[in-house]
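Reading through the structure tokens given below for one structure.
Every chain is numbered from 1 and lettered A, B, ... according to where its sequence line falls, protein lines coming before strand lines.
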Number of protein chains: 2
Amino acid sequence: MDIEIRSGCPINLTMEVLGDRWSLVIIRDIMFGNRRHFREILTQSEEGIASNILAARLKRLLSYGLISKLDDPSHSQKSIYSLTEASIQLVPMFAMIGAWGRRHLPVSEDLSIRAELLEEGGQPLWDEFMEDLRRIHVEDPIGGANGSVKSPVLARLTAAFLEVRARMDTAAG
Amino acid sequence: MDIEIRSGCPINLTMEVLGDRWSLVIIRDIMFGNRRHFREILTQSEEGIASNILAARLKRLLSYGLISKLDDPSHSQKSIYSLTEASIQLVPMFAMIGAWGRRHLPVSEDLSIRAELLEEGGQPLWDEFMEDLRRIHVEDPIGGANGSVKSPVLARLTAAFLEVRARMDTAAG
DNA sequence: TCCATCTGATTGCATTTTGAAACTGGTTGT
DNA sequence: ACAACCAGTTTCAAAATGCAATCAGATGGA
């Protein structure tokens, strides 16, 4: 799992690490969906990633230090995947990616409400979110995974998403 | 050149369009290196992209409206590739990508000075740069390509880069 | 105990994408 | 005429992707 390093340019290096179809989508699910187990990421994601690709990407992200892996004490077979400081610092990049996608691509209303709120909130919200993520991924990954430790920002984003979705369902009959 | 659209999530859609090894690297060269011809992008890039991949990516970016193509009046065989409003609005994303890469990946000093300046400058500098880019890519792509219309921001970034490189060459003997 | 279920994966295989190098058909400047 | 240059294309091997099926070791309920 070695980078080839074709150049030391920050943009090039970032593309060597994250420039593929799935890496950022997986980190998105862990970050915004708080999906912490293999099966959760695999089956609850909108896009339907293949299991072999997911396994390969998790291994890769692990080797780059973008996620960490921990045994789940409540289930000897489960592993808990968590964000690290490096991936938590991707929050502003996600905000920009979401903002750009919302303006230039055919996004759906429900799936873009979180991106909208994240953009509106700006740096103060990003900082608050990153602090939350440190608590549920770095300080207490087990509590963060089983829901005993929560992120207020994530709760707000998720509530807004469910609200929009409920409204859309009602409108659709 | 159709997107598959596995979901309407802004992050997923952005990855479907830009989530590959080369697209952002090519846009970076056009944006920060003002490389406007096929051969310039091909041979003057740090990373050595293959010509068939470059051709395929340019075609793809063209179909997504992320670049435009224009006949060069000074040379019947040359085409001028230019940014569009959509790709100009990637400036803040590039700033974030550069900032993250500089903090978490083994970047080289010379190639990261521009990212550092872009990050320090913040939104005011990004806005100024985007205005420059509109002039040399949208308003006057021909003048922008042949150097008769310039970007002050780009000039500053390039000067800083050359300065660092000269200093490194001196130090290395 | 038995069995269905769930866990994080792995395997096989067809398709697609990538990459390096050579090559094409044309243009430009001397 | 001719060398240098132009934007790509062709060729072919290697790697990545995607899908379906499968795996072995828990776990939970009857």
Expressed in angstrom and rounded to an integer, what is the separation of [X] atom [atom1] from [N] atom [atom2]?
X       : N      : atom1 : atom2 : answer
A/Glu47 : D/dG18 : CD    : C1'   : 15 Å
A/Phe38 : C/dG8  : CZ    : C1'   : 6 Å
B/Asp72 : D/dC5  : CG    : P     : 17 Å
B/Leu42 : C/dA22 : CG    : P     : 15 Å
B/Gln44 : D/dC5  : CD    : P     : 13 Å
B/Glu40 : D/dG8  : CD    : C1'   : 15 Å
A/Leu54 : D/dC19 : CG    : P     : 14 Å
A/Leu58 : C/dG8  : CG    : P     : 10 Å

Check your understanding: Near DNA chain C, which residues from residues 26-37 of chain B have a heavy atom under 4.0 Å away?
Key ->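 Correct list: empty, so none.
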Once side-chain contact (heavy atoms from CB on, under 4.5 Å) is applied, do any residues pair with [X], and if so which ones, sequence neighbours excluded?
X        : answer
B/Glu163 : none
B/Ser7   : A/Glu46, A/Glu47, A/Leu111, B/Cys9, B/Asn12
B/Ser82  : B/Arg36, B/Ser68, B/Ile80, B/His137, B/Pro141
B/Val138 : B/Ile88

Review point. Is the distance from OP1 or OP2 of D/dG8 to the nearest side-chain N or O of B/Lys69 less than 4.0 Å?
Key: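 Checking D/dG8 against B/Lys69, a side-chain N or O does come within under 4.0 Å of OP1 or OP2.
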Pairs: protein N or O with nucleotides 11-17 of chain D N or O, under 3.5 Å:
from: D/dT17; atom 1: OP1; to: A/Arg57; atom 2: NH2; distance (Å): 2.9
from: D/dT17; atom 1: OP2; to: A/Arg57; atom 2: NH2; distance (Å): 2.6

Point to revise | Partners passing ring pair (Phe, Tyr, Trp, His ring centres under 6.0 Å) against A/His37 (at least two apart in sequence or in another chain) | key: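 Partners of A/His37 by the ring pair (Phe, Tyr, Trp, His ring centres under 6.0 Å) criterion come out as none, since no residue qualifies.
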**Study point:** Listed partners of B/Phe129 passing ring pair (Phe, Tyr, Trp, His ring centres under 6.0 Å), at least two apart
**Key:**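 By the ring pair (Phe, Tyr, Trp, His ring centres under 6.0 Å) rule, B/Phe129 matches B/Phe32.
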Review point. On DNA chain C, nearest-nucleotide positions of B/Arg39 versus A/Arg39: which is more 5'?
Key: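 The answer here is A/Arg39.
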Point to revise | A/Arg35: partners by salt bridge (Lys or Arg N to Asp or Glu O under 4.0 Å), with sequence neighbours left out | key: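 A/Arg35 satisfies salt bridge (Lys or Arg N to Asp or Glu O under 4.0 Å) with A/Asp29 once adjacent residues are dropped.
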Practice item. Can you sort out the partners of B/Glu139 under salt bridge (Lys or Arg N to Asp or Glu O under 4.0 Å), two or more places apart, ordered by chain and number? Key: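 Result, salt bridge (Lys or Arg N to Asp or Glu O under 4.0 Å) vs B/Glu139: none returned.
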Throw together a table of side-chain donor-acceptor distances under 3.5 angstrom for residues 51-58 of chain A, partners on residues two or more places apart or in other chains.
from: A/Arg57; atom 1: NE; to: A/Asp20; atom 2: OD1; distance (Å): 3.0

Between the protein and nucleotides 27-30 of chain C, which nitrogen or oxygen pairs are less than 3.5 angstrom apart?
from: C/dT27; atom 1: O4'; to: B/Gln77; atom 2: OE1; distance (Å): 3.0
from: C/dT27; atom 1: O3'; to: B/Ser76; atom 2: OG; distance (Å): 3.1
from: C/dT28; atom 1: OP1; to: B/Ser76; atom 2: N; distance (Å): 3.0
from: C/dT28; atom 1: OP1; to: B/Ser76; atom 2: OG; distance (Å): 3.1

Point to revise | Pairwise 5' ranking along DNA chain D for B/Lys78 and A/Ile49, keeping only the more 5' one | key: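 That would be B/Lys78.
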Check your understanding: Where do A/Glu119 and A/Arg103 land on the salt bridge (Lys or Arg N to Asp or Glu O under 4.0 Å) test, with the steps shown first?
Key -> CA-CA 12 Å; A/Glu119 185 187 0; A/Arg103 274 173 186 71; 2.9 Å; yes
Point to revise | Criterion salt bridge (Lys or Arg N to Asp or Glu O under 4.0 Å) on B/Glu128 and B/Arg156, from CA distance to verdict | key: CA-CA 12 Å; B/Glu128 193 185 342; B/Arg156 271 183 276 158; 2.6 Å; yes
Check your understanding: Any N or O donor-acceptor pair linking the side chain of A/Ser51 to the base of C/dT10 at under 3.5 Å?
Key ->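 Counting by modelled atom types and ignoring angles, a donor-acceptor contact under 3.5 Å is found here.
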Check your understanding: Considering only side-chain heavy atoms of A/Ala50, which listed nucleotide, D/dC6, C/dG8, D/dC19, is closest?
Key ->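 Comparing D/dC6, C/dG8, D/dC19 against the side chain of A/Ala50, the answer is D/dC19.
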Check your understanding: Going through the distances and angles, do B/Arg6 and B/Glu16 end up as a salt bridge (Lys or Arg N to Asp or Glu O under 4.0 Å)?
Key -> CA-CA 9 Å; B/Arg6 293 172 88 118; B/Glu16 291 193 13; 5.7 Å; no
